[in-house]
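The structure appears right after this line, and notes come after that.
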Amino acid sequence: AGGEFGFMFLYMAAIYWVIRDFGAAAQAGFGLGTRLMQSIFLPAMGIAFATPPVAGQNFGAKQFGRVRETSSRASAISVGLMIVLTLYCQWQPQWLAERFTSDPAVIAVAGEFLRLISWNFAASGIIFTCSGIFQGLGHTWPALGSTASRLVTFMLPAIWLSTQPWLELHHVWYLSVASVWTQAALSVFLLFRVMRAKLG
């Protein structure tokens, strides 16, 4: 679990490096948008952090049906919450940024970031839930592996993008959305494999 947060640090550092030439307003807008996104993630993360003890207790009691039910219900709740939050960020993302700054350039960057990056909120809910179930099953390597996959699906393409003269900020946000959905698909695939192996 700690390794996953370590990789998140690497992704954030890579984004700051890629957008370094867009100026202070872009970096400030991204920083503000990221903090707002992390706040938005709190409900889904709360569900994800509650999932490991529930899944682990039932796994230890050999109530494998309950483990599967925990996985499906936690995923449904997380994705449902994230869809609602996605709709809000599609509607008025600038309103959130305006609570913290009056700089129009920073508000514009943060608003665009939230509007585009919100398309990966549902995928993030799936990733959080899968990670929680992996912890409950006592097998966290797949979660770390799916997080590490973004080294290939996000960091390498982002570095390549940074060398292109036509690079715009939204290209980085779209790449991030694609990499998160790829990670979510990989997490689900690995979770099914682990559950088949451990739950029968």
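Count residues from 1 along the sequence. Quick caveat, the model's predicted, so the values are computed rather than measured.
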Open item on the list: Could you go through Thr182 and Phe154, starting from their C-alpha distance and side-chain angles, then the distance that decides it, and tell me whether this counts as side-chain contact (heavy atoms from CB on, under 4.5 Å)?
Closed with: CA-CA 10 Å; Thr182 302; Phe154 176 74; over 6 Å; no

TODO: Take Phe64 and Lys198, measure what side-chain contact (heavy atoms from CB on, under 4.5 Å) needs, and give me the verdict at the end.
DONE: CA-CA 9 Å; Phe64 299 148; Lys198 287 186 171 286; over 6 Å; no

Open item on the list: Please evaluate residues Leu36 and Phe100 with respect to the criterion side-chain contact (heavy atoms from CB on, under 4.5 Å), reporting the C-alpha separation (whole Å), side-chain torsions for both, the decisive distance (0.1 Å), and the verdict.
Closed with: CA-CA 10 Å; Leu36 290 169; Phe100 299 94; 3.5 Å; yes

- [ ] I would like to know whether Val180 and Arg150 meet side-chain contact (heavy atoms from CB on, under 4.5 Å); could you show each step before the answer?
- [x] CA-CA 8 Å; Val180 171; Arg150 293 188 68 197; 3.7 Å; yes

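With ring centers used as reference points, Phe128 lies 6.0 Å or more from Phe49.
The two residues Ile117 and Met37 come nearest to each other via the heavy atoms CG2-SD, 3.9 Å. Taking each heavy atom of Val18 and Ile159 in turn, the nearest pair found is CG2-N, 4.4 Å. Here the shortest heavy-atom pairing between Val79 and Ala122 reads CG2-O, 3.9 Å. The minimum heavy-atom distance between Thr51 and Ile47, with the atom names listed, is OG1-O, 2.8 Å. Between Pro43 and Ser39, the shortest heavy-atom contact is CD-O, 4.0 Å. Closest approach of Trp181 to Asn120, counting heavy atoms only: NE1-CA, 3.8 Å.
Connection of Leu42 to Ile126 is not established within any shared hydrophobic cluster, with ILVMFWY side chains joined at heavy-atom distances below 4.5 Å, either directly or through further cluster members. When the side chains of ILVMFWY residues are joined at heavy-atom separations under 4.5 Å, either directly or via intervening members, Trp173 and Leu85 end up in a single hydrophobic cluster. With hydrophobic clusters built from ILVMFWY side chains whose heavy atoms lie under 4.5 angstrom apart, Leu114 shares a cluster with Met45. Hydrophobic clustering (ILVMFWY, side-chain heavy atoms < 4.5 Å, transitive): Val54 and Ile133 are in distinct clusters. Residues Phe113 and Leu167 are members of one and the same hydrophobic cluster, defined by side-chain heavy-atom contacts under 4.5 angstrom among Ile, Leu, Val, Met, Phe, Trp and Tyr.
Separating the CE atom in Met8 from the CD atom in Gln38 is a distance of 9.0 Å, to the nearest 0.5 Å. Between Ile127 atom CD1 and Thr147 atom OG1 the span is 7.0 Å, to the nearest 0.5 Å. Atom-to-atom distance recorded for Thr129:OG1 and Met82:CE is 9.0 Å, nearest 0.5 angstrom. Taking OG from Ser149 and CG from Leu186, the interatomic distance works out to 5.0 Å, rounded to the nearest 0.5 Å. Leu169 contributes atom CG, which lies 6.5 Å from atom CD of Glu112 (distance to the nearest 0.5 angstrom). Atom SG of Cys130 is separated from atom CE of Met195 by 9.5 Å, given to the nearest 0.5 angstrom.
Under 3.5 Å, the side chains of Ser118 and Thr86 contain no donor-acceptor pair of N or O atoms. Side-chain polar atoms of Gln183 and Thr153 form no donor-acceptor pair below 3.5 angstrom.
Counting non-hydrogen atoms of other residues, nucleotides and ligands closer than 6.0 Å to CZ of Arg73 gives a total of 12 or fewer. Other residues, nucleotides and ligands place more than 12 heavy atoms under 6.0 Å from the CH2 atom of Trp17. Heavy-atom neighbours of Arg66 CZ from other residues, nucleotides or ligands within 6.0 Å: at or below the threshold of 12.
A donor-acceptor contact shorter than 3.5 Å is absent between the side chain of Thr101 and the backbone of Glu98. In this structure, the side chain of Arg35 does not engage the main chain of Leu32 through any donor-acceptor pair within 3.5 Å. Judged purely by atom type and a 3.5 angstrom limit, Thr163 uses its side chain to pair as donor or acceptor with the backbone of Trp160. Under the 3.5 Å distance criterion, the side-chain polar atoms of Arg99 are matched with a main-chain donor or acceptor of Trp95. Remark: the backbone N or O of Arg115 is paired with a side-chain donor or acceptor of Gln90 at under 3.5 angstrom.
Looking at heavy atoms from C-beta onward, Glu69 lies out of side-chain contact with Asn58 at the 4.5 angstrom threshold. Here the side chains of Phe121 and Cys89 are in contact, with some heavy-atom distance below 4.5 Å. Proximity of Tyr88 to Ile40: side-chain heavy atoms (C-beta onward) are nowhere separated by under 4.5 Å. Contact annotation: the side chain of Leu151 never approaches that of Leu156 to less than 4.5 Å [non-hydrogen atoms, C-beta and beyond]. Contact check for Ser179 versus Met155: no side-chain heavy atoms found under the 4.5 Å cut-off. Between Leu191 and Pro142, every side-chain heavy-atom pair lies at or beyond the 4.5 Å cut-off.
Under the ring-ring contact (aromatic ring centres under 6.0 Å, His included) rule, Tyr16 has a single partner from Phe9, Phe22, Phe30, Tyr11, which is Phe30.
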